[in-house]
Amino acid sequence: MLSYTVDCLSAIYLICFGIGLVFSIGSLLMGGHSHDLSGSSSGGAHVHALHDIQHFDHTGSSQLDNRVPFLSMNTALAFLLGFGAAGYSVQHLLINPALILSLGIALLVGFAFASLIYFFLNKVLIRGQSAYLKECDFDLRGVEGVVSSSIYPHGLGEVSYIFNQSRQALPAKDKLDRGLSKETPIIILAVHQGVATVLPLEEFKQHIDQKEE
């Protein structure tokens, strides 16, 4: 009976270790660590445009919370690795170890592995990238530019703008679904699925002036 219990525990430890190892390798190989198309009317679109401007006025750039939670796939795999490896080692290095001793050591090592990965991800990996993970570094709301390729009514065009000290271009549509001619100064209200929603800069400034009055 004791031998059967030991064999079952060893199998469980091996399975846990195998799952942790296989999925960890798979995650590394795969590179893991991990529309506004409604046909609204012109009047409705104007209301939505004003709402977007007001939302932009009250939305400041904030820093993204890039911390990896303790209960994540990374820490779970680390726990399985440590739990399986430690448990299997105890079962075979000690002569008839007590069940509570085997499980206790396996759990401690598993949590230690998970804590180590959690610390590495949050204190080393992500902390080293935090300077590049600020929302303001890629948030285009409020960026001014010009229409570089005419925007057609209910269609798309292209706008160009200066961002991070380089000129860039992006497909764009007018928030009110009007046509905007080339070289029209604009301001970007939002970007969704790679398409910028814009308003003529003059209209945006007029709305701001009216609010201040």
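Salt bridge Arg178/Glu203: present, at least one basic N to carboxylate O contact under 4.0 Å.
Minimum interatomic distance between Leu81 and Ser24 (heavy atoms only, all atoms of both residues): CD1-OG, 3.9 Å. Among all heavy-atom pairs drawn from Val159 and Ala172, the shortest one is CG1-CB, 3.6 Å. Nearest approach of Ser102 to Gly87, heavy atoms of both residues: OG-O, 4.1 Å. Closest heavy-atom contact between Ser160 and Ser148: N-OG, 3.7 Å. Contact detail for Cys16 and Gly84: the closest heavy-atom pair is CB-CA, 4.3 Å. Across Pro171 and Gly194, no two heavy atoms sit closer than the pair CD-O, 3.6 Å.
If you chain together hydrophobic residues whose side chains sit under 4.5 Å apart, Val90 and Ile100 never meet in one group. The cluster map of Ile, Leu, Val, Met, Phe, Trp and Tyr, joined by side-chain heavy atoms under 4.5 Å apart, puts Val147 and Ile162 in different clusters. If you chain together hydrophobic residues whose side chains sit under 4.5 Å apart, Met73 and Ile19 fall into the same group.
Looking at heavy atoms from C-beta onward, Asp174 lies out of side-chain contact with Thr197 at the 4.5 angstrom threshold. Contact check for Val146 versus Thr184: no side-chain heavy atoms found under the 4.5 Å cut-off. Between Val191 and Val195, every side-chain heavy-atom pair lies at or beyond the 4.5 Å cut-off. For the pair Glu144 and Leu201, the minimum side-chain heavy-atom distance is below 4.5 Å. Between Asp177 and Pro153, the closest side-chain pair of non-hydrogen atoms is not below 4.5 Å.
Taking CZ of Phe111 as the start and OG1 of Thr75 as the end, the distance is 10.0 Å to the nearest 0.5 Å. Here Ile15 contributes atom CD1 and Leu80 contributes atom CG; the two are 11.5 Å apart, rounded to the nearest 0.5 Å. Within the model, atoms OH of Tyr152 and OG of Ser181 stand 11.5 Å from one another, a figure rounded to the nearest 0.5 Å. A distance of 10.5 Å separates CG in Leu14 from CD1 in Ile12, rounded to the nearest 0.5 Å. Between the CG atom of Leu189 and the CG atom of Leu140 there is a distance of 11.5 Å, given to the nearest 0.5 Å. Atoms CG and CG, from Leu156 and Leu170 in turn, are 10.0 Å apart once rounded to the nearest 0.5 Å.
Listed for the His92 side chain is a donor-acceptor partner under 3.5 Å among the backbone atoms of Tyr88. Remark: the backbone N or O of Gly157 is not paired with any side-chain donor or acceptor of Ser149 at under 3.5 angstrom. With hydrogens and angles ignored, the 3.5 Å screen pairs a side-chain donor or acceptor of Gln168 with a backbone N or O of Phe163.
The only option from Lys175, His207, Lys205 that meets the side-chain contact (heavy atoms from CB on, under 4.5 Å) definition with Leu199 turns out to be Lys175.
Scored by the ring-ring contact (aromatic ring centres under 6.0 Å, His included) test, Phe113 finds no partners at all (sequence neighbours excluded). With sequence neighbours left out, the ring-ring contact (aromatic ring centres under 6.0 Å, His included) criterion links Tyr13 to Phe83.
Hydrophobic clustering, defined by side-chain heavy atoms of Ile, Leu, Val, Met, Phe, Trp and Tyr closer than 4.5 Å, leaves Leu108 isolated from every other such residue.
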